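Every chain is numbered from 1, with letters handed out A, B, ... down the list of sequences. Keep in mind the model is a prediction, meaning the values are calculated, not measured.
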Amino acid sequence: MSPSHVGPPSLSRRGLLKRGVFGGALLALGGGGALFLREGLSLPLPEGLQVFGPREYATFQAIARRAFPPREGWPDADTARVALLADQVLARGDPLVAQEVRTVLGIFDNALAGLLFSGRVTPFSRLSPEAQDAALEDWRTSRLVFRRGAFHALRSLAHAAYYSHPAAIAATGYVAPQGFHVADAPVWRGPADGSFAGTGGSTP
Amino acid sequence: MSGRIRTGDELTEDQTLTCDVCVVGSGAGGGVLGLELAKRGLDVVMLEEGGYHTRRDFDLNEAKAYSTFYQEAGNRATDDLSIGIFQGRTVGGGTAINWCACFRTPPEILERWRDTHGVKGLDATTLAPHWDWLEERLNIREWPLEQSNRNNRILWEGLGALGYSRGTVKRNVRSCAALGTCGLGCPTNAKQSLLVTLIPEAVEQGMRLFANVSARKLETQGGRVVAVHADVLNPGTNQPTGKRLTVKAKVTAVCGGAINSPGLLLRSGLTGRGRVGKRLFLHPVVVSNARFQEPVEAYRGAPISVYSRQFINRGEGRLGWLLEVPPLLPILNSLALTGLGPAHQDQMARLPYANALISICLDGVHPGDEGGTVALRGEREYSRFKVDYPLNDFHWEAFREALKVSARIQFAAGAEQVSSPHSRPVVMRSEKDLSLLDDAPYGPLQLSVLSAHQMGGCAMGGSPETSVVDSTLRYWDTDNLFVVDGSVFPTALGVNPMESILGIAHWGSQHVAAAV
């Protein structure tokens, strides 16, 4: 069989993000405004947030609580401060990516979007844990590539943030090699610094 | 000429430089080219968008490494997010953060480039002396099986039990402590990346390297590149500082790798008659995750030391694959595993007992397989390109069969459980469960697909109607512009691409030098 590269029509990530925003605005004007504006969860904000606003922070942390529920020997989502770590990851990257994640979180939590996609009228962050799991599953299995992509992106960001926390790393049993990193190793920039001497391994 | 490595924080004024050759990119292509040109006494200026990170920065912090040394802070992906793309962005490029697997280009691939794509004068015999030199200089040697970690030995044993072909991998290391963290940058300089070998040598020969400098546009006049216009980036934020660097060179070599090289050409209005950005190949990868009763500790030891090409050729119209194993560091493993919540945590809690096999698919060698595309995104986009790679039944069939083969190998080696990379993993407890893979969904983002090897986008070939560069790596329509990196590959390779890029850059340097 030869590849045809003819697959089912799918909308691009950017196109759908635009549709999400504009579609939501149009629906709000058409009478769904109360749902569009329905408040999500409110959480105390940690210091140092650079990307997330209060709503995105609370939504992401709500997702993280379902991803990392309390478990003996492991930090839970609040202890690991997953949303704050995710915020820091996003702050180091392209500002447009950060903006897209904010938009996705807005759609994810939005009650009107919830109604359109799956019939729920409560913001994700205010749902019961069981209903949140069902909502996550709905995004994961959606027939829309955009929604599956959004689930994938948020899930990946949550995992990358959580497993950067020392307590979470320790809980996996992984111990990074010790004694090999030299924090004050000289940085060679050219012959004015002498001959380059950095080739070949060294074992402490 | 006094060679030196400068970084964005030092570039506080707009500057215009003149030189013989401007090399854009410091990875496997640019790094080799820079040295070869400098050795010929040419005045070389090299621009690298990423930072100058050395062993001082390689502190084995996984989160920091991905966000600092990789393209788009580790978030590069196809436009629909269906394929995650790992690609280096630092001085030394991918050679600084890859897993050290070295293969010469398979002869049948070079023959295909000649017979199907019209590439002239590039065969295994021609390249052999270049690879010989590189293997000596970078200490590329067989990694003995007895030094392989348990993760690789599982692959070796499983392949042997099933009678499949298997081999050991050559690695570019010297006095390697086998920490398992090659993907985070080598803290001991054991990895013979270009960061610690050819690039310093080129600088000693007089090459000027500017890190945190993003080439934005090639200015052309009368069929020649007359200037490279670049932005200086803040090393801390990666954002433009507002300062500019302009390089006026006799010859320009674009070496930004597949995706960034075609992206720079497109941004410069150089479309190669519509061929630039086409035939992008990603070696799409599916990961089969296994759990063993005894500790595997797949995060320690040389990451890749065993491989199999048993399934690389499955006949025309059927995508084949290379089998290897990845290192399973916590973040990487959390991303390779699918699922969410307690089930995912259960698997992470068994990390020391985890093994994974990766099936690296050989794309671009079957009729009609044109791979993906690179295109520009909106005006506001700075570092991202629109990367599309349509996945269809051709791929899903191969991924499904590859997962079956992987699970069979893992069970043959003693796995107690194997799980697929579906968004809801298919969990198998013995070989009789393999049929569960037939019932699972196959579609974008229903199955996790990754890429660590990017090729094509500026394909080499025998005609300007079908390719972007000729058989000397020269851009067809511009006399003094060359492309020297993996983007010139007309197809993927079916092996890890670093040594192929190194070899072709070493061979191609004669053509670039001759154009000065």
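In this structure, Arg89(B) contributes its side chain and Glu72(B) its backbone to no donor-acceptor pair below 3.5 Å. A side-chain donor-acceptor contact under 3.5 Å links Gln192(B) to the backbone of Ala190(B). Asp388(B) places no side-chain N or O within donor-acceptor distance of the main-chain N or O of Gly372(B), the cut-off being under 3.5 Å.
Most heavy-atom pairs under 4.5 Å with chain A, from the set Thr237(B), Leu179(B), Leu60(B): that is Leu179(B). The candidate with the highest count of non-hydrogen atom pairs below 4.5 Å against chain A, out of Ser334(B), Ser82(B), Gly236(B), is Ser334(B). Of the listed residues Gly180(B), Gly339(B), Ala343(B), the one with more heavy-atom pairs under 4.5 angstrom with chain A than any other is Gly339(B). Taking chain B as the reference chain and counting heavy-atom pairs below 4.5 Å, the highest number among Ala168(A), Pro69(A), Ala153(A), Ser156(A) is found for Pro69(A). The candidate with the highest count of non-hydrogen atom pairs below 4.5 Å against chain B, out of Ala176(A), Ala192(A), Ala183(A), Gly93(A), is Ala183(A). When each of Pro295(B), Ser67(B), Gly443(B) is checked for heavy-atom pairs under 4.5 Å with chain A, Ser67(B) comes out on top. Taking Pro177(A), Gly190(A), Ser164(A) one by one and counting their heavy-atom pairs under 4.5 Å with chain B, the maximum is reached by Pro177(A).
Salt-bridge formation is not detected for the pair Glu401(B)/Arg318(B): no Lys NZ or Arg NE/NH1/NH2 atom is positioned less than 4.0 Å from an Asp or Glu carboxylate oxygen.
Relative orientation of the Phe58(B) and Phe69(B) rings is perpendicular, given thresholds of 30° and 60° on the angle between their planes.
There is no contact between Gln347(B) and chain A, counting heavy-atom distances below 4.5 Å. Residue Gln345(B) touches chain A through both its backbone and its side chain, counting heavy-atom pairs closer than 4.5 Å. Proximity to chain A (any heavy atom under 4.5 Å) is restricted, for Leu329(B), to the side chain, taken from C-beta onward. At a 4.5 Å heavy-atom cutoff, the contact between Thr54(B) and chain A is made by side-chain atoms alone. Of the two parts of Arg71(A), only the side chain, counted from C-beta on, holds a non-hydrogen atom closer than 4.5 Å to a non-hydrogen atom of chain B. Residue contact with chain A, scored on non-hydrogen atoms closer than 4.5 Å, is absent for Thr68(B). Within the 4.5 angstrom heavy-atom criterion, only side-chain atoms of Leu136(A), from C-beta onward, approach chain B. For Tyr66(B), no part lies near chain A; criterion is any non-hydrogen pair under 4.5 Å. Contacts of Asp346(B) with chain A are made by both backbone and side-chain atoms, with heavy-atom separations under 4.5 Å. At a 4.5 Å heavy-atom cutoff, Asp133(A) makes no contact with chain B through either its backbone or its side chain. Of the atoms belonging to Arg6(B), it is backbone heavy atoms, and not side-chain ones, that fall under 4.5 Å from chain A. Only the side chain of His152(A) comes within contact range of chain B, with at least one heavy atom under 4.5 Å from a heavy atom of that chain. With a threshold of 4.5 angstrom between heavy atoms, Thr7(B) approaches chain A through its backbone and through its side chain.
Defined by atom type and a distance below 3.5 Å, a donor-acceptor pair is missing between the side-chain atoms of Gln446(B) and Tyr442(B). Side chains of Tyr174(A) and Asn333(B): a donor-acceptor N/O pair is absent below 3.5 angstrom, by distance only.
Residue Tyr57(A) forms a side chain to side chain contact (heavy atoms under 4.5 Å, CB included) with just one option from Asp87(A), Leu49(A), Val51(A), and that option is Leu49(A).
Proximity of the aromatic rings of Tyr162(A) and His344(B) is defined here by a centroid distance below 6.0 angstrom, and this criterion is not met.
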For this session: Walk me through it: do Glu381(B) and Lys386(B) pass the test salt bridge (charged side-chain N to carboxylate O under 4.0 Å, His left out)?
Result: CA-CA 10 Å; Glu381(B) 293 285 354; Lys386(B) 186 177 189 302; over 6 Å; no

For this session: Determine, step by step, whether Asn75(B) and Asp94(A) satisfy the side chain to side chain contact (heavy atoms under 4.5 Å, CB included) criterion, reporting the C-alpha distance in whole Å, the side-chain angles of both residues, the deciding distance to 0.1 Å, and the verdict.
Result: CA-CA 10 Å; Asn75(B) 292 315; Asp94(A) 188 322; over 6 Å; no

Problem set entry | Working for side chain to side chain contact (heavy atoms under 4.5 Å, CB included), residues Met348(B) and Phe68(A) | CA-CA 11 Å; Met348(B) 289 301 294; Phe68(A) 313 108; over 6 Å; no

